[in-house]
S.K.: 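Just dropping this structure here.
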Amino acid sequence: MGKNLIRCIEGTRDYFDLDGARFGKAMKAADHVFTAYGYSQIHTPVFEATELFARGIGEATDIVEKEMYTFKPGSDMITLRPEGTAGVIRAFLQHSMHKQGGLNKLWYSGPMFRRERPQKGRQRQFHQVGVEAVGSSDPLLDAEVIAMGLQFYAAVGITGIRTRLNSIGCSAPECRAKYRETLREAIRPNLDKFCKNCQNRFDRNVLRLLDCKNPSCKELAANLPKSHEHVCGECADHFGKVTEALDAFGVDYVIDPTLVRGLDYYTKTVFEYTHSALGAQDAIGGGGRYDGLVEELGGPSIPAVGFAIGVERVMIAMETLGACCCTAPLMVYGIAAGDEEHKAMSGLLARLRRAGVSCDMDFEGKSFKAQMRTAGRRGALIALILGSNELETGQITVKDMREDGGQSTVPLSQMQEAIEALVTVG
RNA sequence: GCGGGAGUAGCUCAGUUGGUUAGAGCGUCAGAUUGUGGCUCUGAAGGUCGGGGAUUCGAGUUCCCUCUCUCGCCCCA
């Protein structure tokens, strides 16, 4: 450590052992759950034209203003994706997916990059699994997406997720724009009572005053007009249908008028999943409807809903809940008494592996005893012992490594049966 | 970008008011009868005390700088 070793970049991490297993479990759960809802997988590039994010996420957002990794290797401006939705929609349009059929359900996973100060649950390279359902404005779809996210958390063993829900309206003049005005009017008399930050945001982005974490601002915000009660008739109707569907699904949620979210593209439904294990950043996933994004990126007007889940935050919750998985156990460890046996053993293991039995052996020239010890430490269910006795008579010793297991020496032709007998019984 | 805390063996940490060859537990490796693990015992390896500079006869210990980690602010996953 004292040497001039090269370390990973600030805010990035290596995952191995239990972390590797947790990460893998999250990926498997995503595949399993999202597939069950009819989503297919999409992988888009990690970098895209800078303009895509500027237009998609919004020029005035923190992400675009100060958190993007942007490069100019040649004449093009490219940036490492800070979120997944923009890239998916870009791909959707580039391949004219909307012309091939109605609703497209896509899910993705992969690294995202944001140049923020690292802290608990926040890194500069982090991972998300996310879904985008493009091509329907059905409120039932919003509800399905929300329920699916909860099913994902359940699949990785996370309990205690809190779902917050709100509607922030649409781009119609009598909807969000009008709500903004009523909000400003309600705030104006008391503006000096809000924190500095909020006063600055009053003109630029009033909605942000709603989710300020400053306690006194929070108190003031509680009495302000609520967005889901001031959106236009269509949005109000949509929101009502979403909550109705969630109730029918038996989904537990809270309507939170202060839920705003930081990306510009959201319309109507917004939601966030939070968990108490996470510390200051308690959002473990979030999403909403974005009916204007496809058009904003140069396509036709196509509605969509989606969410993104932070894999690292999922891993933190898994760890604190003890929902972690153990690494898969090794079934067989091969122990060889000498050079000839060592060679023969590698052939035997190759056969077993083709039959789907996980096995390993020593490659460091360890003593017989040390090989036994390794077999025990590795948690192998069975030790296969091959010494000169066995080699001469064409046999193999199969030893049950569990507490009071025995061992038996059988002809090589019966090795597999002997192993299977122990594994299936156990 | 701005604050608080921390950096001593692979891991978790001790290290007294600055004083000889920097310690423990766990882990690793090797032994304890010839080919049998887990328990026990014995031994070994492994640290320019994050890096650089300053003060001092002498610094893991004091001071400054820097890097990184960590927790917050901001914002988000």
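Every chain is numbered from 1 and lettered A, B, ... according to where its sequence line falls, protein lines coming before strand lines.
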S.K.: Send over the distance from A:Arg117 CZ to B:rU70 C1', rounded to a whole Å.
M.R.: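 From A:Arg117 CZ to B:rU70 C1': 10 Å.
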S.K.: If you check every side-chain atom of A:Gln128, which of B:rG35, B:rA77, B:rC73 has the closest atom?
M.R.: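 Closest nucleotide among those given: B:rA77.
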S.K.: Hey, does the side chain of A:Gln281 come within less than 4.0 Å of B:rA77's phosphate (OP1/OP2), counting only N and O?
M.R.: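 It does not, given that no N or O in the side chain of A:Gln281 lies less than 4.0 Å from OP1 or OP2 of B:rA77.
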S.K.: Check if the side chain of A:Gln371 and the base of B:rU36 share a donor-acceptor pair of N or O atoms closer than 3.5 Å.
M.R.: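 Donor-acceptor pair under 3.5 Å: no.
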S.K.: Do the ring planes of A:Tyr273 and A:Phe271 sit parallel (below 30°), tilted (30 to 60°) or perpendicular (above 60°)?
M.R.: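 A:Tyr273 vs A:Phe271 ring planes: perpendicular.
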S.K.: Could you measure between the two C1' atoms, the one in B:rA9 and the one in B:rG15, and give it in whole Å?
M.R.: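 Here B:rA9 and B:rG15 have their C1' atoms 14 Å from each other.
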S.K.: Going by an N to O cut-off under 4.0 Å, is there a salt bridge joining A:Arg22 and A:Asp19?
M.R.: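 The answer is yes: the pair qualifies as a salt bridge.
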S.K.: Any strand is fair game: report the nucleotide pairing with B:rU56 by Watson-Crick or G-U wobble, both distances under 3.5 Å, or none.
M.R.: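 Partner of B:rU56: none found under 3.5 Å.
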S.K.: Under 4.0 Å: is that the gap between some side-chain N or O of A:Arg373 and OP1 or OP2 of B:rA30?
M.R.: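 Answer is yes, contact under 4.0 Å.
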S.K.: Look at the side chain of A:Glu10 and decide which nucleotide, out of B:rC71, B:rA30, B:rC69, has an atom nearest to it.
M.R.: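 The answer is B:rC69, which lies nearest to the side chain.
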S.K.: Under 4.0 Å between any heavy atoms, over every strand shown, what does A:Thr374 touch: base, sugar-phosphate, or nothing? Just pick one.
M.R.: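 It contacts nothing in the nucleic acid.
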S.K.: Report yes or no: is there a donor-acceptor pair, N or O only, under 3.5 Å between the side chain of A:Glu116 and the base of B:rA77?
M.R.: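 Checked by distance alone, the answer is yes.
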S.K.: Side chain of A:Arg13: nearest nucleotide among B:rU70, B:rC74, B:rG35?
M.R.: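 So the side chain of A:Arg13 is nearest to B:rU70.
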S.K.: Side chain of A:Arg377, heavy atoms from C-beta onward: which of B:rU36, B:rU28, B:rU68 has the nearest atom to it?
M.R.: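 The answer is B:rU28.
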S.K.: Side chain of A:Phe126 only, heavy atoms from C-beta on: which candidate in B:rA77, B:rG35, B:rA30 is closest?
M.R.: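 Between B:rA77, B:rG35, B:rA30, the one nearest the side chain of A:Phe126 would be B:rA77.
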S.K.: Tell me which residues in residues 305-317 of chain A put a heavy atom below 4.0 Å from RNA chain B, sorted by number, or none.
M.R.: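 Contacting residues: A:Ala308, A:Gly310, A:Arg313.
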S.K.: Taking for each residue the nucleotide of RNA chain B bearing the nearest heavy atom, is the 5' side occupied by A:Met401 or by A:Pro118?
M.R.: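 Mapping each residue to its closest nucleotide by heavy atoms, the 5'-most match is A:Met401.
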S.K.: Under 4.0 angstrom, heavy atoms only, what part of the nucleic acid is A:Gly387 near: base, sugar-phosphate, or nothing?
M.R.: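 A:Gly387: base contact, heavy atoms under 4.0 Å.
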S.K.: Are the side chain of A:Arg81 and the backbone N or O of A:Pro111 linked by a donor-acceptor pair below 3.5 Å?
M.R.: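 Checked: pair present.
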S.K.: Among B:rG37, B:rG35, B:rC74, find the nucleotide with the atom closest to the side chain of A:Lys369.
M.R.: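 That would be B:rG37.
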S.K.: Rounding to an integer number of angstrom, what distance separates B:rG43 and B:rC26 when you compare their P atoms?
M.R.: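 After rounding to an integer number of Å, I get 14 Å for this pair.
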S.K.: In the structure shown, which nucleotide is the Watson-Crick or G-U wobble counterpart of B:rG27, with both distances under 3.5 Å?
M.R.: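 Partner of B:rG27: none.
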S.K.: Taking it one step at a time, do A:Asp62 and A:Lys66 satisfy salt bridge (charged side-chain N to carboxylate O under 4.0 Å, His left out)?
M.R.: CA-CA 6 Å; A:Asp62 278 16; A:Lys66 50 187 188 186; 3.8 Å; yes
S.K.: Indicate, with a heavy-atom threshold strictly under 4.0 Å, whether A:Gly130 touches base, sugar-phosphate, or nothing.
M.R.: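 A:Gly130: no heavy atom of the nucleic acid under 4.0 Å.
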S.K.: Using a heavy-atom cut-off of under 4.0 Å over every strand shown, decide if A:Ala370 touches base, sugar-phosphate, or nothing.
M.R.: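 Sugar-phosphate contact only.
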S.K.: Hey, what's the ring geometry for A:Phe23 with A:His127, parallel, tilted or perpendicular (30° and 60° as the breaks)?
M.R.: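 Ring orientation of A:Phe23 relative to A:His127: perpendicular.
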S.K.: Considering only side-chain heavy atoms of A:Arg115, which listed nucleotide, B:rU36, B:rG1, B:rC73, is closest?
M.R.: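 Looking only at heavy atoms from C-beta outward on A:Arg115, the closest nucleotide is B:rG1.
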S.K.: Determine whether a donor-acceptor pair (N or O, by modelled atom type, separation under 3.5 Å) exists between the side chain of A:Asn166 and the backbone of A:Leu259.
M.R.: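 Yes; at least one donor-acceptor contact below 3.5 Å.
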S.K.: Applying the Watson-Crick and G-U wobble criteria at under 3.5 Å, what pairs with B:rG7? Answer none if nothing qualifies.
M.R.: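 Answer to the pairing question: B:rC67, which forms a Watson-Crick or G-U pair with B:rG7.
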S.K.: Could you identify the nucleotide paired to B:rC73, looking across every strand shown and requiring Watson-Crick or G-U wobble geometry with both distances under 3.5 Å?
M.R.: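 B:rC73 is paired with B:rG1.
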S.K.: Could you work out which one of B:rU68, B:rG35, B:rG3 sits closest to the side chain of A:Thr397?
M.R.: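 Nearest to the side chain of A:Thr397 among the choices is B:rG35.
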S.K.: Should we say atom CG of A:Asn190 is surrounded by more than 12 heavy atoms from elsewhere, each under 6.0 Å from it?
M.R.: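 Atom CG in A:Asn190 is crowded, with more than 12 foreign heavy atoms closer than 6.0 Å.
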S.K.: Please tell me which of the listed nucleotides, B:rU36, B:rU28, B:rA77, lies nearest to the side chain of A:Ile385?
M.R.: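 The nucleotide sitting nearest to the side chain is B:rU36.
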S.K.: Quick check: are there more than 12 heavy atoms from other residues, nucleotides or ligands sitting under 6.0 Å from NZ of A:Lys226?
M.R.: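 Count over threshold, so yes.
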